[in-house]
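Taking it in order: structure first as structure tokens, then the write-up.
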Amino acid sequence: MRRPTTTTVRTASATALCLLAALVTAAPVTAAPSVTPPAVTDARETGGTDETGGTGGTGGTGGTGGTGQPTVRVRGGGGATLTKDFSGMEGDLVRFEVDARTDLNNAPGHARGRFHVTHHRPDGALVADFEGTLDCLAAGGRTAITTGVVTGGSAPWFPDLTLVGSRVSLTVQDDGRNDRLGWLWGAFGIPVSDCQGTVPFIRTDTGNFTVRG
């Protein structure tokens, strides 16, 4: 089938973004409780390796930070294939890498970490590739929300988009090997507040994430 013209694809992409924004507006904004819950015991978080090549969770330190409280952490990498809900981008491949931790759950400015996001069309064409720092992390049970700012990257599919300096929100639900993700992009005009985000609306089909909260 002939590939749609750039104008057609970008129009469809804008429609998809509007639909996503509507979904986000309809869904309640969530944040984990401000009280740090007990640490979760998980074999993947006691020094083992994950699919991203890093070491798991506490690395034998006992899982506590300088405050003596259990360290809240989300880490891992995984990809997903966009569904028909993303009109004009169905079948696109997205991948996320996240590594953030904090000793104070749901405390803006106390988290430290990084993220990297890539988005490709089915034919391999690059839609976006960007990274940044994470400065707020909230977790409860197996779900974490982390927010931060884009520090570098580009979005060739959206040449007029200003990525660097925009806020992002990433939601990770650790379901073993069938994790779920959600995201909000401030660059598209969606408000992003510290440690708040949307529901994890898409399931990963590659990789693995772990949440300790």
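With R142 contributing its side chain and D174 its backbone, the two residues share no donor-acceptor pair below 3.5 Å. A donor-acceptor pair is defined here as one N or O able to donate and one able to accept, closer than 3.5 Å; no such pair exists between the side chain of S169 and the backbone of V192.
Look at D194 and R167 and you find a salt bridge, because one of the NZ, NE, NH1 or NH2 atoms lies within 4.0 Å of a carboxylate O, short of that distance. With salt bridges taken as basic N to acidic carboxylate O contacts below 4.0 Å, none links D99 and R114.
When the side chain to side chain contact (heavy atoms under 4.5 Å, CB included) test is applied to V164, no partner is found at least two apart in sequence or on another chain. Under the side-chain hydrogen bond (donor to acceptor under 3.5 Å, both in side chains) criterion, D205 pairs with T81, not counting sequence neighbours. With sequence neighbours excluded, the residues that form a side chain to side chain contact (heavy atoms under 4.5 Å, CB included) with L126 are H120, D129, P156.
Relative ring orientation between F158 and F188 is described as perpendicular, the plane-to-plane angle rising above 60° on a 0-90° scale split at 30° and 60°.
Closest non-hydrogen pair, F96 versus F209, comes out as O-CZ, 3.6 Å. Here the closest heavy-atom approach between residue T204 and residue N178 is recorded as OG1-C, 4.3 Å.
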Practice problem: For side chain to side chain donor-acceptor pair (under 3.5 Å), just list the numbers for D103 and H110, CA-CA rounded to whole Å, side-chain angles, deciding distance to a tenth of an Å, and then say yes or no. | Solution: CA-CA 8 Å; D103 297 332; H110 285 272; over 6 Å; no
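The hydrophobic cluster containing F115 does not contain L93, counting ILVMFWY residues as joined when their side-chain heavy atoms lie under 4.5 angstrom apart, directly or transitively. Linking ILVMFWY residues whenever their side-chain heavy atoms come closer than 4.5 Å, directly or via other members, places V211 and I202 in the same cluster. A continuous path of hydrophobic side-chain contacts links L82 to L181 [ILVMFWY only; heavy atoms under 4.5 Å].
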